[in-house]
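Source: prediction; values computed, not measured. One-based numbering along the sequence shown.
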Amino acid sequence: MEITLPDGSKKQLEDGATIADVAASIGAGLAKAALGGKIDGNFADLDTVVPDGSTVEIITAKSPEALGIMRHSTAHVMAEAVQELYPGTQIGFGPQTDDGYFYDFALPEGVSFAPEDFAAIEKKMAEIIAKDEPFVREVVSRDEAKKLFADQRLKSEHIDDLPADEEISIYCHGSFVDLCSGPHMPSAGKIGAFKLMKTAGAYWKGNADNEMLTRIYGTAFFSKKELEEYLHNLEEAEKRDHRKLGRELGIYMMDPMAGVGLPMYLPKGARVIRTLQEWLRRDLYERGYEEVITPHIYNADVWRTSGHYDFYHENMYFFEINEGTDEDPRMSEYGVKPMNCPGHVMLYKNELHSYRDLPLRYFEFGTVYRHEMSGVVHGLLRARGFTQDDAHIFCTKDQVVEEVVAILDLVDYIMKTFGFSYEAEISTRPEKSIGTDEMWEHATRSLEEACERHGLSYDINEGDGAFYGPKIDIKVKDAIGRTWQCSTVQVDFNMPEKFKLTYRTEDNTEARPWMLHRAIFGSIERFLGILIEHYAGALPLWLAPVQVVVIPIADRHKDAAGEFAGEIKGAGGRVEVYDQNEPMRVKIAKAQAQKIPYMIVMGDNEIEEGVVSVRERAEGDLGKWDREKFLSVIREAAL
């Protein structure tokens, strides 16, 4: 038989050859490194027979898919270990995840898991791995599967739920058998370094009507060094957690009485938010944007016209208002806005436009509200109420590329200001969409051309665009290597059509404008949360809510400290005076804990010499400075 390799080359093999045989035919080194493969793009184990005419790819530890396969196999080993240690355990599912794996268990009566139990489970897992027994796949009938899992009620229930025509496969590993579609490592000995991380409750099959199971999360890597790096980054991420730092630094708070996912900004947080907005506002005016302000609520007819009433209803908050009289009550339905676009569209429609007016760029720091499930709300990173740095650009078809290039220039400026590296992804037309083929082709090619002209490499995410147009997503990488989704540039065919937007063309006919959505921060709340974690709370001087603390050494230095604080304010700085009756070391420690960029110490010598002693939060004591030198640093940081 003949197969095709990923590079397009052909290979002749004996009938009945497996993926392992394909690897061996290429070379002994590949045969040794092979962990599995793909047949026509579908994952398969090493011992899977390769059909004639298929395309075959070999998976090794260097392949992007390998880590997931190894983690899935580790999950099976964990389930095997738990069953050996706790006889009678009922097993659920054990998939890989983005950063590891988990397995769900219904434990015997009286048994529960705590982190102190992990050592015994890990020890048993190490013993199982050391035996290096193979993972063997077998296809079985429904009746055979029911017999195999007769004492496993969760598996039996799942077998009953499978479609009648679905192939049922099992994996045997020693005496342990699991219902699984695979693939797996050739044998357990190829599993690398692993660690159990935490336990949690999880409903069977994710349905709150089902029983609560115990879930154990773990992670695994091919090398111990990779595992240690991952654990170090987890520790670092915990130190940088914006929820912890946001509380300690007085940035924001959440109050259960207010409701889930509704952040409330304390004075320091409000200062940071306003500084961010003012910085961006000034830049946007220079780039030809016009600021607008739109209501927080609209009559439901707006949302019916936009399509949100039908397609986004469950994520919105609706209520009724009596717009009649006591004698003639008339209730009208209103919705709180989950996004700003309909308001900007109505502003565009408020007056007639010609091609000479375009492009028209509206921006708004618009607060929106979305009904996120309480389980996914996460501090500032995912909230129910948040403010978008939203903008909508109305332009002609021929202006799309130039406008997207300009947006990417803005993205680059903002991300470089904060020290983020970033990458782009273009999402293309999904199966269900509106708009003509020509519109989609032009829009998608425009996004690609804009990236190319900007020198920005991009990946294609096939079929993941919105139903109303393709988009560019910008993903930033923070100080410890985590990736965050931030900016979006979205082409919209829907809104101009729904609201019947037009402009007068050069030949005096009417045409639909093209519409671009764009948000660079995305959500200001989310971006602030990312910034706090990126900088570990130590925001740059220009953005820090308090830039300077002036510390008088003794009571007799308070007046001089207050005077210099006034000079700092005059230079545009944000300053506090620590004049409490506390030791100097306590005041310095407090300023360090608050991540304040500069501390100014004022004592007899400083006053007599007309200088200030400067401490920087990272570099420590910088010595004595001329007052004007320090004030020039503050002026330079002022907006």
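- The aromatic rings of Tyr252 and His242 lie parallel to each other, their planes meeting at an angle below 30°, with 60° marking the opposite boundary.
- A salt bridge does not link Glu423 with Lys477: none of the charged nitrogens is closer than 4.0 Å to a carboxylate oxygen.
- Exactly one residue among Phe418, Trp484, Phe386 makes a ring pair (Phe, Tyr, Trp, His ring centres under 6.0 Å) with Phe527. That residue is Phe418.
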Check against side chain to side chain donor-acceptor pair (under 3.5 Å), Glu462 and Thr428: CA-CA 5 Å; Glu462 291 287 353; Thr428 60; 3.1 Å; yes
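- Taking the side chain as every heavy atom from C-beta outward, His313 and His308 never approach each other to under 4.5 Å.
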Steps toward side chain to side chain contact (heavy atoms under 4.5 Å, CB included) verdict (Phe365, Arg281): CA-CA 9 Å; Phe365 295 112; Arg281 178 180 283 113; 3.3 Å; yes
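- Not counting sequence neighbours, the partners of Lys268 by the side chain to side chain donor-acceptor pair (under 3.5 Å) test are Gln594.
- Across all their heavy atoms, Tyr312 and Pro338 have their closest contact at CE2-CB, 3.7 Å.
- Here Glu278 pairs with Arg282 in a salt bridge; the nearest charged N to carboxylate O distance falls below 4.0 Å.
- The two residues Ser332 and Asn299 come nearest to each other via the heavy atoms CB-ND2, 4.2 Å.
- Taking the charged nitrogens against the carboxylate oxygens, Arg370 and Glu314 have no contact shorter than 4.0 Å, which rules out a salt bridge.
- The two residues Pro342 and Phe499 come nearest to each other via the heavy atoms CB-CZ, 4.3 Å.
- A donor and an acceptor atom, one from each side chain of Tyr309 and Glu333, are located under 3.5 Å apart.
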Intermediate values then yes/no, side chain to side chain contact (heavy atoms under 4.5 Å, CB included), Val549 and Val575: CA-CA 6 Å; Val549 164; Val575 60; over 6 Å; no
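- Below 30°, between 30° and 60°, or above 60°: for His371 and Tyr317 the angle between ring planes is between 30° and 60°, a tilted geometry.
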Check against ring pair (Phe, Tyr, Trp, His ring centres under 6.0 Å), Trp625 and Phe564: CA-CA 13 Å; Trp625 285 21; Phe564 190 59; over 10 Å; no
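- Arg304 and Asp310 are not joined by a salt bridge, as no carboxylate oxygen comes within less than 4.0 angstrom of a charged side-chain nitrogen.
- In this structure, Glu402 pairs ionically with Arg453, as a charged nitrogen and a carboxylate oxygen lie closer than 4.0 Å.
- Taking the centre of each ring, Trp440 and Phe467 stay at or above the 6.0 Å mark.
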From CA spacing to verdict: side chain to side chain contact (heavy atoms under 4.5 Å, CB included), Glu567, Leu631: CA-CA 8 Å; Glu567 292 182 46; Leu631 291 174; 3.6 Å; yes
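- The aromatic rings of His517 and His392 stand perpendicular to each other, their planes meeting at an angle above 60°, with 30° marking the opposite boundary.
- Residues Gly465 and Pro430 come closest through the heavy atom pair O-CG, 3.4 Å.
- Taking the six-membered ring where tryptophan is involved, the planes of Tyr369 and His296 are tilted, since the angle between them lies from 30° to 60°.
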Criterion ring pair (Phe, Tyr, Trp, His ring centres under 6.0 Å) on Tyr468 and Phe493, from CA distance to verdict: CA-CA 5 Å; Tyr468 51 80; Phe493 308 134; 8.5 Å; no
Check against side chain to side chain donor-acceptor pair (under 3.5 Å), Thr294 and Lys337: CA-CA 10 Å; Thr294 58; Lys337 67 177 179 181; 3.0 Å; yes
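- Salt bridge Asp473/Lys471: present, at least one basic N to carboxylate O contact under 4.0 Å.
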Derivation of the side chain to side chain contact (heavy atoms under 4.5 Å, CB included) call for Gln277 and Ile524: CA-CA 9 Å; Gln277 290 178 340; Ile524 291 178; 3.5 Å; yes
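- The shortest heavy-atom contact between Gly572 and Ala638 is O-CB, 4.1 Å.
- One finds no salt bridge joining Glu290 and Arg361 here, because no Lys/Arg side-chain nitrogen approaches an Asp/Glu carboxylate oxygen to under 4.0 Å.
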Pair Tyr298-Trp303, ring pair (Phe, Tyr, Trp, His ring centres under 6.0 Å): steps then yes or no: CA-CA 8 Å; Tyr298 292 113; Trp303 305 114; 5.6 Å; yes
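- Inter-residue side-chain proximity for Trp542 and Thr417 is flagged as met; some heavy-atom pair is nearer than 4.5 Å.
- Taking a cutoff of 4.0 Å between a charged side-chain nitrogen and a carboxylate oxygen, Glu533 and Arg482 qualify as a salt bridge.
- Of the charged side-chain nitrogens involved, none lies within less than 4.0 Å of a carboxylate oxygen, so that Arg240 and Glu248 do not count as a salt-bridged pair.
- Contact check on Glu438 versus Lys397 returns a salt bridge, with a Lys/Arg side-chain nitrogen under 4.0 Å from an Asp/Glu carboxylate oxygen.
- The shortest non-hydrogen separation linking Ser487 to Met415 is OG-CE, 3.3 Å.
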